[in-house]
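Residue numbers begin at 1 in each chain, while the letters A, B, ... track the order of the sequences. It should be emphasised that the depicted structure is a prediction, and the values quoted were computed from it without experimental measurement.
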2 protein chains.
Amino acid sequence: MASLGELERSVMSLLWDSAQPLSANEVCELLDEDLAVTTVLTVLARLEKKGMVRRERASRPHRYAAVASREEHTVEMLNEVLGTVPDREVVLARFIGSVSDSEAAALRRILG
Amino acid sequence: MASLGELERSVMSLLWDSAQPLSANEVCELLDEDLAVTTVLTVLARLEKKGMVRRERASRPHRYAAVASREEHTVEMLNEVLGTVPDREVVLARFIGSVSDSEAAALRRILG
DNA sequence: TGAAGTTTCTACACGCCGTAGAAGTGTGGC
DNA sequence: GCCACACTTCTACGGCGTGTAGAAACTTCA
């Protein structure tokens with residue numbers, strides 16, 4: 001459900017990296033891709049509709065912020081992928097088997 | 001890159017569950033959705049083009065099989081998701097924190 | 001060789017995404 | 001209060017992916 005296009009992803013990335021909510025203009029400049037501001041506004045509106053972005057309508061210009069952190073969102077994506085299979089554990093087992101040694105060590109540490 | 005539509009996913013699911021390669025007709029019947037066989041053939045051709053399905057052209061009717069197992073494919077998807085983020089570990093940490101106790105136990109067991 | 005089964009080719013509709021102009025609306029300065 | 005300017009909304013278009021399938025071509029077996 002929360003699959004993003006290329007530009008949408010770029011915009012989310014900026015919002016995730018920003019400590020503050022951003023205006024459409026700021027996003028536009030940060031993108032550094034010579035896009036019309038209306039393009040950015042359209043994308044932001046679509047992201048809002050998808051529930052990924054919250055818009056502060058009080059201030060003018062409106063300011064936009066990510067609803068969930070990058071990590072939260074990514075974990076959601078992982079769970080979405082895992083939701084497509086009948087048995088999560090068997091996939092996780094194989095995934096664990098595919099990660100690097102250092103990552104495996106990190107996972108052991110996290111799991112306590 | 002390997003994102004699938006609804007019908008494509010259903011077809012893959014059948015191929016994954018089948019011990020044998022299947023013909024378009026067999027897939028069609030197993031789908032139980034009253035689709036034209038040409039529809040199924042189109043989908044199978046697209047899946048082949050995406051590299052998800054191997055077609056045995058020798059036999060007639062052609063037979064189709066999944067290239068990767070469901071688990072392999074899903075792990076690929078997981079890695080794709082993790083590839084969208086600057087730091088995999090931080091996401092994995094959060095993911096681990098979100099799984100059930102029994103799943104965490106299973107992960108510990110797998111990690112040895 | 002013809003009928004039945006199979007595959008290929010072509011096509012259409014629909015929804016998503018990148019893209020942005022035109023038109024509408026709010027705001028600060030005069 | 002009014003105007004220019006900044007900002008937002010509305011509308012739209014083209015391309016691509018996907019579900020869908022008919023028409024035509026091809027294969028095989030009787």
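When atom types are taken as modelled, the side chain of A:K50 and the backbone of A:A45 share no donor-acceptor pair closer than 3.5 angstrom. Between the side chain of B:W16 and the backbone N or O of B:A68, at least one donor-acceptor pair lies under 3.5 Å. Proximity of a side-chain donor or acceptor of B:S18 to a complementary backbone N or O of B:L14 within less than 3.5 Å is not detected. In this structure, B:E72 contributes its side chain and B:S69 its backbone to a donor-acceptor pair below 3.5 Å.
Comparing atom distances between the B:T38 side chain and each of C:dT19, D:dA23, C:dT6 picks out D:dA23 as nearest. The nucleotide whose nearest atom lies closest to any side-chain atom of B:V37 is, among C:dA11, C:dT19, C:dT7, C:dT7. Comparing D:dA21, D:dT28, D:dT9 against the side chain of B:R60 picks out D:dT28 as the nearest. The side chain of B:L41 has C:dT8 as its nearest neighbour among C:dG18, C:dT8, C:dC9. For A:A36, whose side chain is taken as the heavy atoms from C-beta onward, the closest listed nucleotide among C:dT6, C:dA20, D:dA21 is C:dA20.
For the pair A:Y64 OH and D:dC7 P, the interatomic distance rounds to 12 Å; values are reported in whole Å. One interatomic measurement links the two molecules: CG of B:L35 to C1' of D:dG19, which rounds to 8 Å at whole-angstrom precision. Rounded to whole Å, atom C1' of D:dG19 lies 11 Å from atom CD of B:E33. Rounded to an integer number of Å, the gap from CZ of A:R55 to P of D:dC7 is 14 Å. If you measure from atom CZ of A:R57 to atom P of D:dT8, you get 10 Å, rounded to the nearest angstrom. Rounded to whole angstrom, the span from the CG atom of B:D34 across to the P atom of D:dT20 amounts to 10 Å. Taking atom CG of A:L44 as the reference point, atom P of D:dC7 lies 14 Å away to the nearest angstrom. The interatomic distance linking A:R46 (CZ) with D:dT11 (P) rounds to 14 Å, in whole Å.
OP1 and OP2 of D:dG19 both lie 4.0 Å or more from every side-chain N or O belonging to B:T39. Contact annotation: A:N25 does not reach the phosphate of D:dA6 (side-chain N/O to OP1 or OP2, under 4.0 Å). Contact check, A:H62 against D:dT8: a side-chain N or O comes under 4.0 Å of OP1 or OP2. A close approach under 4.0 Å does not occur between any side-chain nitrogen or oxygen of A:T42 and OP1 or OP2 of C:dT19.
Within the nucleic acid shown, A:K50 comes within 4.0 Å of sugar-phosphate atoms alone, with no base atom in reach, counting heavy atoms only.
Non-hydrogen atoms lying under 4.0 Å from DNA chain C are contributed by nothing in residues 3-19 of chain B.
Under the 4.5 Å side-chain heavy-atom criterion for ILVMFWY residues, no single connected hydrophobic cluster contains both A:V91 and B:L15.
Heavy atoms only, all atoms of each residue included: A:I96 and B:I110 are closest at CG2-CG2, 3.8 Å. The shortest non-hydrogen separation linking B:L35 to B:C28 is O-SG, 3.2 Å.
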